[in-house]
There are 4 protein chains.
Amino acid sequence: MRNGNDENLVGSFPFVPRQERAVKKKDALLQSGRYLFITKGYENTTAKEIAAHAGVATGTFYRYFSDKRQLFMYLVKDKLANLLPPEPEWEAGDPEQLLFSLLENYQQRLYEVKLDKVVVELLPKDPDLAETLKEAKRNMHNRICNGLKRAQEKGHVWKDLDPSAIAWSVLVLLENAAKDDSGQSIDFRQLARLIGRMVFPPEIIKRLQSEQQAKSE
Amino acid sequence: MRNGNDENLVGSFPFVPRQERAVKKKDALLQSGRYLFITKGYENTTAKEIAAHAGVATGTFYRYFSDKRQLFMYLVKDKLANLLPPEPEWEAGDPEQLLFSLLENYQQRLYEVKLDKVVVELLPKDPDLAETLKEAKRNMHNRICNGLKRAQEKGHVWKDLDPSAIAWSVLVLLENAAKDDSGQSIDFRQLARLIGRMVFPPEIIKRLQSEQQAKSE
Amino acid sequence: MRNGNDENLVGSFPFVPRQERAVKKKDALLQSGRYLFITKGYENTTAKEIAAHAGVATGTFYRYFSDKRQLFMYLVKDKLANLLPPEPEWEAGDPEQLLFSLLENYQQRLYEVKLDKVVVELLPKDPDLAETLKEAKRNMHNRICNGLKRAQEKGHVWKDLDPSAIAWSVLVLLENAAKDDSGQSIDFRQLARLIGRMVFPPEIIKRLQSEQQAKSE
Amino acid sequence: MRNGNDENLVGSFPFVPRQERAVKKKDALLQSGRYLFITKGYENTTAKEIAAHAGVATGTFYRYFSDKRQLFMYLVKDKLANLLPPEPEWEAGDPEQLLFSLLENYQQRLYEVKLDKVVVELLPKDPDLAETLKEAKRNMHNRICNGLKRAQEKGHVWKDLDPSAIAWSVLVLLENAAKDDSGQSIDFRQLARLIGRMVFPPEIIKRLQSEQQAKSE
DNA sequence: TATGAATGAGCTTTCATTCAT
DNA sequence: GATGAATGAAAGCTCATTCAT
């Protein structure tokens with residue numbers, strides 16, 4: 001199933017492995033590719049190296065992937081699905097708590113993927129990849145947006161703010177918090193509170209927090 | 001004057017142009033490099049192409065730059081200074097207004113630079129560049145942070161938020177708003193309001209806005 | 001067997017050929033390199049040319065040799081062993097006869113090598129090569145020296161001459177006789193007699209020659 | 001005078017300097033060329049470097065020399081004359097003494113020239129240079145040969161040896177003794193005695209030595 | 001199918017030489 | 001005459017990709 005899906009996303013490729021051994025080889029190549037891309041960067045990794053690391057011959061690489069780029073796209077698309085956060089239920093409790101766990105969760109997944117730096121290396125050269133990522137982001141944005149809209153209808157969210165703009169901001173902060181570019185690690189508690197202020201009027205936050213407390217008692 | 005500074009930053013490689021024509025050629029190379037890097041990506045651009053695009057011979061490239069990377073570093077360091085926003089005076093008036101102009105201004109400058117994608121392509125391979133950028137970010141962060149601390153002391157900013165975390169968030173939103181990754185252009189008015197909520201308690205915003213109105217009357 | 005030795009000397013660079021065809025290709029490259037080095041000089045020969053002459057692609061060259069220099073070192077070290085003359089048995093018979101065959105034999109081997117000019121082109125730039133050759137010469141010198149010492153103890157060689165100086169002279173004349181620099185080919189019979197005079201007192205020569213004659217009768 | 005001569009030897013060149021300043025520049029270029037060739041080797045020295053070292057512009061180099069090779073040929077031909085040893089007067093005294101001073105003298109001159117390594121670097125690529133050197137050697141050979149012939153006619157030299165072969169041997173030993181390739185410096189006294197044995201029958205040496213002693217008393 | 005040797009276009013860089021000033 | 005910036009051919013070397021085995 002995953003296979004069929006991928007194929008559709010990535011385009012036709014030279015050979016559909018049926019036997020188990022073949023599947024293993026393809027996986028080994030993907031794993032090796034991922035490892036080397038992350039460790040050494042995309043351009044600095046050669047197809048030969050990936051093959052060697054996977055324990056197969058150079059030529060075998062091209063039986064499973066049309067080229068280095070395709071292998072990479074497999075990695076990206078495979079991992080992208082994992083990144084979609086669940087649609088948040090804002091009213092379910094203390095929003096700060098919710099955001100905090102959202103942040104932690106997202107970072108955890110991003111940490112597992114680790115391809116972001118590599119993605120970004122390829123981005124300027126690969127409009128296809130750019131499109132793929134854009135779509136993934138659109139998905140995430142919509143998911144967050146929908147939740148916000150519902151909350152806004154109930155008056156839980158600032159009325160004078162566009163849910164789309166909020167969603168965008170939340171997403172951006174989410175994304176960047178997970179990366180540790182800046183060196184200074186971000187305090188997720190602070191960030192959650194901060195985002196809370198951005199989304200909800202103070203009185204709503206108070207109310208939701210006290211409701212939550214009541215519930216847990 | 002600016003020149004001397006830049007040279008200091010980059011290192012005075014093969015030759016410091018004195019004659020006007022030489023300066024023009026160096027500029028042409030820089031322009032061509034910038035254009036091609038942005039259009040085709042860093043790795044996809046060769047020194048030969050840059051030279052050709054600048055209308056000079058391949059060898060001439062190497063009279064002015066030790067290699068492609070150095071040319072790129074010139075571009076980056078030259079433009080980096082432009083990106084520093086002025087330290088905001090939060091109390092000076094309507095904070096939403098202030099943030100809005102900050103955003104517009106920053107985008108304008110970023111638009112002029114446009115190297116962000118290329119930078120990001122090189123980042124994983126170039127620790128030097130990473131360090132340079134990290135420092136630039138540190139500078140921006142400190143600048144924002146200081147303003148926030150002063151405002152916080154006067155009680156204008158949420159007391160339970162770390163200025164550093166706020167600064168980080170503002171910076172991240174600023175940066176990302178300026179890029180047009182997502183395709184969906186961000187409404188800067190909305191974003192300004194949003195950031196305002198994040199930084200200032202509602203009553204402060206109201207007060208500052210009414211003061212501002214009083215002033216302008 | 002010889003192979004293992006050589007590899008050890010040169011270092012096992014990019015790849016040790018196992019299949020027969022690969023060995024053939026490596027040999028073809030070595031042959032082509034040798035031919036072109038001798039014909040056109042070391043600097044005037046490019047890796048590309050060697051590959052073309054051997055009927056393989058440029059890249060193939062680099063599968064077998066890390067660079068031009070390594071190919072050359074292979075040639076040199078391979079041939080150097082051949083140059084060691086057997087330790088001469090001066091007392092075994094007519095020394096002039098002995099020297100004559102020594103000369104002919106040495107020239108034959110040198111003729112097969114023919115790399116001397118190329119070696120000498122590289123020498124000033126390549127301390128490694130210089131060291132290698134120095135050692136080879138030391139070996140040859142020692143070999144000749146030992147024979148002389150034994151002969152000197154028996155009083156067959158001028159007592160007031162340092163064996164080392166004689167050996168050096170013999171070696172130099174040997175080397176240079178084999179090369180045809182001067183255009184005027186050297187008469188080996190003459191040279192043998194000449195060296196004989198240099199090494200042995202006249203009466204010893206006479207005695208050894210008559211002994212030899214007695215033997216052959 | 002030297003100028004005219006050189007021109008003839010080397011071939012026409014772009015410009016005949018008349019003014020004193022020009023001559024100085026040409027000399028500076030020659031000196032710089034010589035210095036750099038000896039220090040860094042021929043191929044490793046660029047025309048630009050020679051010009052810079054001489055304190056003139058790159059282009060100026062080509063006003064005085066058609067190319068790098070021509071400059072080098074100037075150096076070689078200029079110095080070659082110095083290498084011709086005086087025609088030895090074998091009967092003038094102790095031949096070992098004579099040879100010793102010949103050796104010392106020759107080495108001294110070679111030391112002053114120092115171009116031998118560079119010459120040898122160029123030799124395989126430059127048939128012209130090869131021819132020049134061959135001729136120089138022929139000259140030296142003839143000079144030595146003539147002396148030997150006269151001595152031979154008087155019965156001072158082995159009758160059964162070809163003067164040409166002797167001359168060749170003397171020359172070769174001379175040349176090689178002067179270079180210090182082998183690391184082990186040659187004892188010139190020993191070498192002189194050795195060559196003496198090669199050229200003169202023992203009784204002649206004795207006679208000439210005692211005559212010499214008589215003279216000096 | 002799997003192999004890995006072979007390919008060769010193409011990149012970076014150098015430097016002898018020219019030529020506008 | 002002198003300058004030194006500009007030229008561009010050519011070298012060394014890499015690596016994505018092909019293909020004979």
Side-chain angles (χ1 to χ4, degrees), chain A residues 14-15 17-19 21-22 25 43-52 55-69, chain B residues 14-15 17-19 21-22 24-26 43-52 54-69, chain C residues 14-15 17-19 21-22 24-26 43-52 54-69, chain D residues 14-15 17-19 21-22 25 43-52 55-71:
Chain A
F15 158 80
R18 260 165 243 283
Q19 276 128 35
R21 235 180 41 191
K25 268 183 192 170
E43 289 291 350
N44 281 339
T45 302
T46 70
K48 201 174 187 172
E49 280 173 320
I50 298 175
V56 302
T58 320
T60 308
F61 180 98
Y62 289 89
R63 179 160 292 280
Y64 294 101
F65 302 96
S66 63
D67 55 23
K68 197 169 65 160
R69 197 185 147 278
Chain B
F15 149 87
R18 258 161 246 284
Q19 273 117 44
R21 233 187 36 193
K24 267 187 194 155
K25 247 164 213 179
K26 186 168 187 174
E43 289 289 351
N44 279 340
T45 303
T46 71
K48 210 171 189 169
E49 280 174 319
I50 298 174
V56 301
T58 320
T60 307
F61 180 97
Y62 290 91
R63 172 168 293 279
Y64 294 101
F65 303 97
S66 63
D67 53 21
K68 201 169 60 159
R69 196 182 155 281
Chain C
F15 151 87
R18 258 163 245 283
Q19 273 117 45
R21 233 186 39 195
K24 266 187 195 155
K25 245 163 215 177
K26 186 166 188 176
E43 289 289 351
N44 278 343
T45 303
T46 72
K48 214 169 187 168
E49 280 173 319
I50 298 174
V56 301
T58 320
T60 306
F61 180 97
Y62 290 93
R63 172 169 293 278
Y64 294 100
F65 303 98
S66 64
D67 52 22
K68 202 170 55 162
R69 198 184 152 280
Chain D
F15 157 82
R18 260 164 243 283
Q19 275 127 40
R21 235 181 38 192
K25 269 183 193 169
E43 289 289 350
N44 281 339
T45 302
T46 70
K48 202 174 186 173
E49 280 173 320
I50 298 175
V56 302
T58 321
T60 307
F61 180 99
Y62 289 90
R63 180 159 292 279
Y64 293 100
F65 302 96
S66 64
D67 54 23
K68 198 168 66 160
R69 196 184 149 281
Q70 203 200 26
L71 187 150

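These numbers come from a predicted model, not from an experiment. In what follows, chains carry the letters A, B, and so on, assigned in the order in which the sequence lines appear, proteins first and then strands, with residues in each chain numbered from 1.
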Q: Whole angstrom is fine here: how far is it from OH in B:Y64 over to P in F:dG4?
A: 13 Å

Q: Nearest-Å distance, CD (D:E43) to C1' (F:dA10)?
A: 13 Å

Q: Which comes earlier along DNA chain E counting from the 5' end, the contact point of D:K48 or that of A:A57, where each point is its nearest nucleotide?
A: A:A57

Q: Can you check the B:F61 CZ to E:dC11 C1' distance for me, whole Å?
A: 12 Å

Q: Between E:dT1, E:dA9, F:dT3, which nucleotide gets closest to the side-chain atoms of D:K25?
A: F:dT3

Q: Could you state the atom-to-atom distance from CD1 of D:I50 to C1' of E:dA16 in whole Å?
A: 11 Å

Q: What is the distance from atom NZ of C:K68 to atom CD of C:E43, rounded to the nearest 0.5 Å?
A: 5.0 Å

Q: Counting only Watson-Crick or G-U wobble pairs whose two distances fall under 3.5 Å, which nucleotide matches F:dA16?
A: E:dT7

Q: Rounded off to whole Å, could you give me the CD-to-C1' distance for the B:E49 and F:dG8 pair?
A: 17 Å

Q: Using the side-chain heavy atoms of D:Y62, tell me which of these nucleotides is nearest: F:dA16, E:dT17, F:dA5.
A: E:dT17

Q: Which listed nucleotide (E:dA16, F:dT17, E:dT7) is nearest to the side chain of C:V56?
A: E:dT7

Q: Just call it for C:T46: base, sugar-phosphate, or nothing, with non-hydrogen atoms closer than 4.0 Å on any strand.
A: sugar-phosphate

Q: May I have the distance from D:K68 (atom NZ) to E:dA16 (atom P), rounded to whole angstrom?
A: 4 Å

Q: I need the minimum non-hydrogen distance between B:A57 and B:A51, along with the two atoms involved.
A: O-CB, 3.6 Å

Q: Verify the contact: side-chain N or O of A:R63 to OP1 or OP2 of E:dT1, cut-off strictly under 4.0 Å; return yes or no.
A: no

Q: Specify the residue among A:G59 and A:N44 whose closest nucleotide of DNA chain F lies further upstream toward the 5′ end.
A: A:N44

Q: For D:Q70 and E:dT17, give me the distance from atom CD to atom P, rounded to whole Å.
A: 11 Å

Q: Rounding to an integer number of Å, can you tell me how far B:K26 NZ sits from F:dA6 P?
A: 12 Å

Q: So which atom in C:N44 and which in C:E49 form the shortest heavy-atom distance, rounded to 0.1 Å?
A: O-OE1, 3.4 Å

Q: Taking all non-hydrogen atoms of both residues into account, name the closest pair between D:F61 and D:I50 and its distance.
A: CE1-CG2, 3.9 Å

Q: Counting Watson-Crick and G-U wobble pairs only, both distances under 3.5 Å, name the nucleotide matched with E:dT21, or none.
A: F:dA2

Q: Can you work out whether C:T45 or B:T60 has the more 5'-proximal nearest nucleotide on DNA chain F?
A: B:T60

